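Numbering of residues begins at 1 and proceeds along the displayed sequence. Keep in mind that what you see is a predicted model, and the values were worked out from it rather than measured.
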Amino acid sequence: MLSTRLFGSGIAAALLALCALPVAAQSFKVQCPTATPSHPSDAANPPAANPVGGRIKCQQISGGDGFATMGDGTQTYLFGFGPLSGLAKMASGLPGTDVASEFNVDNTSGVDPIFIGAPVDQSDLSVSAYSFNGAIGLVPDPQSEPTPGALTGHVDPRLIMDVGVMNANQPAPLMAIDEDDEFFLTLTNVGQVMRPDLFEQHTVHFHGYPNASAFYDGVPDASIAINIGGSFTYYYLAPDAGTYFWHCHISPPEHLQMGMVGQIYVRPRQNRVATAGATAAQLLQSLRDSNSDAVRNPGANGVTCSDILCTGQTPAPTAAGVAVPAGTKFAYNDGDGSTRYDVEYPIQIHGFDPNFHFVGMTFNPESFTDMKDKYFLLNGRSYPDTVAPGTMVTQSTDGTLHASQPLPSVINIPAGGRALLRISDLDVTEYQTLASLGIPMRVVGLNARLLRDMAGNDMTYLTNSITLAGGESLDVILDATGYTAPQKFYLYTPNLDHLSNDAENFGGLMTEVNVCTTVDPSTKACSL
């Protein structure tokens, strides 16, 4: 079985030769500490015990290649990132980000190393094979001290190659963290099986993210790049809520067009201080208290923070008498509950030029000036695939089905509820427009910033359409207040040439918006 899975291609066998190195010389490694100076007791995961709130979060990804299926059935070659942790979450359309206790799990205990990377059991396509959320390849370290056999970040590279090879996702693995988190992201470069002539390096660059250190910024001129057969762990703090995206910064026009793009969003501190029946004024004061010098530095003679800059964006409340239900989620630290939502949906806009992708697989030089997108994608899918539930799979050259497009983009809103759309445009050749018929959009955030001025004045606006350039993000709320179930609306592009799958019409940038009786907040399943 191992030979079928790994050595179906002579190229794969050559690539795996690097795994034959002695254990001491391996360059694959993962990192997820159980405690840091800012989060000294995260192993037990009590956020209240951490002075600044937040937790330690970790994720592992691979950089390589693979295939995705377009709306007309065409299989398109990708350079891409794939998941090496949080696989069960990703298969359910959730972010693959783990807390330390989820991430640091022995990969040799009760986990099938052959099929853990496959979207389904190869012998029974109706049975899901995802069951493991820990770090792929993490195994006991026989040389750990003082206790041999501890989980120290030591890995079995065979397991990583087994899952990571030909496992590119479109979009790249979704990440989600909370303000004040410490985020450890490990990138392992597994190589490109279809292009063994390329010795492509890869990086992770968080576009627009306020990174404290250029060393972890992913721009190779100012930091480092990861070679084939190597791993590197990026470190980030999560200072500001909002929707960001990330991409490989090696030859960006090529690697972005080929699919090496994904989304990350940061949830606000306000989620942690919402209590049942609290008014907006109480919510704001609680938020200020949670960010005071006294809370951040126990024993310091600080006062509660009243400056708008202390929480990024915290304006004065405008609806002080409005009660905030317990457990309410927010897009930003708004101070008045105006960015509250019931369900959230990451929506990544992207486009593919099939000719560029074909040339990228066939050893010919790409013509960057002739790039012209003909497939237009929401979360890696063109309509009607955008409304297909569950993970889309594509058979790769190794004969195995891979989870090529794990994120559906159908939007289900509970009647009377609100949906937050985290929209990012990662297209490298086109401006993109999305219009909503029936349910107006309220734009509350632009490029990971709440739309308020420094005096706290509301700059959000209602609209029926939004337009983004490549590298921009918007946070949009669809409010179904007053709507009854069942009803169906559409989110689509009015650019008619973008409503196609190559030469086939009635595809492209379009998805459905359903008003449901109830929506499960974790699975997004709609009940009518």
**Student:** Would you mind telling me which of Ile439, Leu528, Val515, Val513 makes a side chain to side chain contact (heavy atoms under 4.5 Å, CB included) with Gln487?
**Tutor:** Val515
**Student:** Under 6.0 Å between ring centres, would you say that holds for Tyr483 and Phe489?
**Tutor:** yes
**Student:** Looking only at non-hydrogen atoms, find the nearest pair between Phe184 and Pro33 and report the distance.
**Tutor:** CZ-CG, 3.4 Å
**Student:** Hey, are the side chains of Thr386 and Asn379 touching, using non-hydrogen atoms and a 4.5 Å cut-off?
**Tutor:** no
**Student:** Specify whether His255 and Phe79 have parallel, tilted or perpendicular ring planes, treating 30° as the upper limit for parallel and 60° as the lower limit for perpendicular.
**Tutor:** perpendicular
**Student:** Heavy atoms, side chains only, cut-off 4.5 Å: are Pro406 and Asn169 in contact?
**Tutor:** yes
**Student:** Return the OG1 to CD1 distance between Thr493 and Ile349, rounded to the nearest 0.5 Å.
**Tutor:** 8.0 Å
**Student:** Can you tell me how far CG of Leu446 sits from OG1 of Thr460, rounded to the nearest 0.5 angstrom?
**Tutor:** 12.5 Å
**Student:** Is Asp502 reaching over with its side chain to a backbone N or O of Tyr375, donor-acceptor style, under 3.5 angstrom?
**Tutor:** no
**Student:** Measure the spacing between CZ of Phe506 and CG of Asn501 and express it to the nearest 0.5 Å.
**Tutor:** 11.5 Å
**Student:** Closest approach of Asp240 and Arg449, non-hydrogen atoms and distance?
**Tutor:** OD2-NH2, 3.9 Å
**Student:** Taking all non-hydrogen atoms of both residues into account, name the closest pair between Thr233 and Val30 and its distance.
**Tutor:** OG1-C, 4.4 Å
**Student:** Taking the side chain as everything from C-beta on, heavy atoms only, tell me whether Ser404 gets closer than 4.5 Å to Phe67.
**Tutor:** no
**Student:** Suppose we screen for ring-ring contact (aromatic ring centres under 6.0 Å, His included). Which residues come up paired with Tyr492, at least two apart in sequence or across chains?
**Tutor:** none
**Student:** With no hydrogens and no angle check, is any side-chain donor or acceptor of Lys89 less than 3.5 Å from a backbone partner on Thr97?
**Tutor:** yes
**Student:** Do Leu420 and Asp475 pass the side-chain contact (heavy atoms from CB on, under 4.5 Å) test, and can you show the C-alpha distance, the side-chain angles, and the key distance before you say yes or no?
**Tutor:** CA-CA 7 Å; Leu420 170 64; Asp475 296 291; 4.2 Å; yes
**Student:** Does Leu256 offer a backbone N or O that forms a donor-acceptor pair with the side chain of His350 under 3.5 Å?
**Tutor:** yes
**Student:** If I compare all heavy atoms of Val343 with all of Pro414, which pair ends up nearest, and what's the gap?
**Tutor:** CG2-CD, 4.2 Å
**Student:** Can you tell if the side chain of Arg452 reaches within under 4.5 Å of the side chain of Tyr332, non-hydrogen atoms only?
**Tutor:** no
**Student:** Given 3.5 Å as the limit, does a donor-acceptor pair link the side chain of Ser465 with the main chain of Ala435, or not?
**Tutor:** no
**Student:** Donor-acceptor pair, distance only, cut-off 3.5 Å: does the side chain of Arg381 make one with the backbone of Gln405?
**Tutor:** yes
**Student:** Indicate yes or no: does Arg269 engage Asp180 in a salt bridge with an N to O separation below 4.0 Å.
**Tutor:** yes
**Student:** Does Arg418 pair with Asp342 as a salt bridge, N-O distance under 4.0 Å?
**Tutor:** no
**Student:** May I ask you to decide if Asp217's main-chain N or O and His205's side chain share a donor-acceptor pair within less than 3.5 Å?
**Tutor:** yes
**Student:** Parallel, tilted or perpendicular for Tyr490 and Tyr383, by the 30°/60° rule?
**Tutor:** perpendicular
**Student:** Are any non-hydrogen side-chain atoms of Gln263 and Trp246 less than 4.5 angstrom apart?
**Tutor:** no
**Student:** Just how far is it from atom NE2 of His247 to atom OG1 of Thr203, taken to the nearest 0.5 Å?
**Tutor:** 8.0 Å
**Student:** Please answer whether the main-chain N or O of Asp497 pairs with a side-chain N or O of Asn495 as donor and acceptor at a distance below 3.5 Å.
**Tutor:** no
**Student:** Any chance you could measure Ser382, atom OG, to His498, atom NE2, to the nearest 0.5 Å?
**Tutor:** 11.5 Å
**Student:** When rounded to the nearest 0.5 angstrom, what distance separates CD1 in Ile477 from CG in Leu462?
**Tutor:** 10.5 Å
**Student:** Measuring only between side-chain heavy atoms, which start at C-beta, is Ser473 closer than 4.5 Å to Asn447?
**Tutor:** yes
**Student:** If you take all heavy atoms of Ile413 and Ala480, which pair is closest and at what distance?
**Tutor:** CG2-CB, 3.8 Å
**Student:** Are Thr69 and Thr394 close enough, and set up right, to give a side-chain hydrogen bond (donor to acceptor under 3.5 Å, both in side chains), and what steps lead you there?
**Tutor:** CA-CA 6 Å; Thr69 303; Thr394 302; 2.7 Å; yes
**Student:** Cut-off 3.5 Å, side chains only: do Gln60 and Asp98 have a donor facing an acceptor?
**Tutor:** no
**Student:** Under the side-chain hydrogen bond (donor to acceptor under 3.5 Å, both in side chains) rule, what do Thr429 and Asp427 come out as? Steps first, then yes or no, please.
**Tutor:** CA-CA 6 Å; Thr429 67; Asp427 200 306; 3.3 Å; yes
**Student:** Are the side chain of Gln270 and the backbone N or O of Gly335 linked by a donor-acceptor pair below 3.5 Å?
**Tutor:** yes
**Student:** Kindly indicate, with the supporting measurements, whether the criterion side-chain contact (heavy atoms from CB on, under 4.5 Å) is fulfilled by Phe132 and Leu87.
**Tutor:** CA-CA 6 Å; Phe132 185 69; Leu87 268 68; 5.8 Å; no
**Student:** What I'd like to find out is whether the side chain of Gln348 reaches to under 4.5 Å of the side chain of Phe245, using heavy atoms alone.
**Tutor:** no
**Student:** Taking the side chain from Asn514 and the backbone from Cys516, do they hold a donor-acceptor pair closer than 3.5 Å?
**Tutor:** no
**Student:** Does the distance from a Lys or Arg side-chain N to an Asp or Glu carboxylate O, for Lys57 and Asp178, drop under 4.0 Å?
**Tutor:** yes
**Student:** Checking side chain to side chain contact (heavy atoms under 4.5 Å, CB included) against Gln59, which of Cys32, Ser85, Pro83, Pro95 comes through?
**Tutor:** Ser85
**Student:** Can Asp425 and Gln432 be counted as having a side-chain donor-acceptor contact under 3.5 angstrom?
**Tutor:** no
**Student:** Mind listing the closest non-hydrogen atom pair of Leu426 and Gly262 along with its distance?
**Tutor:** CD1-O, 3.9 Å
**Student:** Is it true that the side chains of Asn333 and Glu179 contain a donor and an acceptor less than 3.5 Å apart?
**Tutor:** yes
**Student:** Kindly indicate whether the side chain of Phe206, heavy atoms from C-beta on, has any atom under 4.5 Å from the side chain of Tyr244.
**Tutor:** no
**Student:** Checking Asp181 side chain against Arg55 main chain: does a donor-acceptor pair fall under 3.5 Å?
**Tutor:** yes
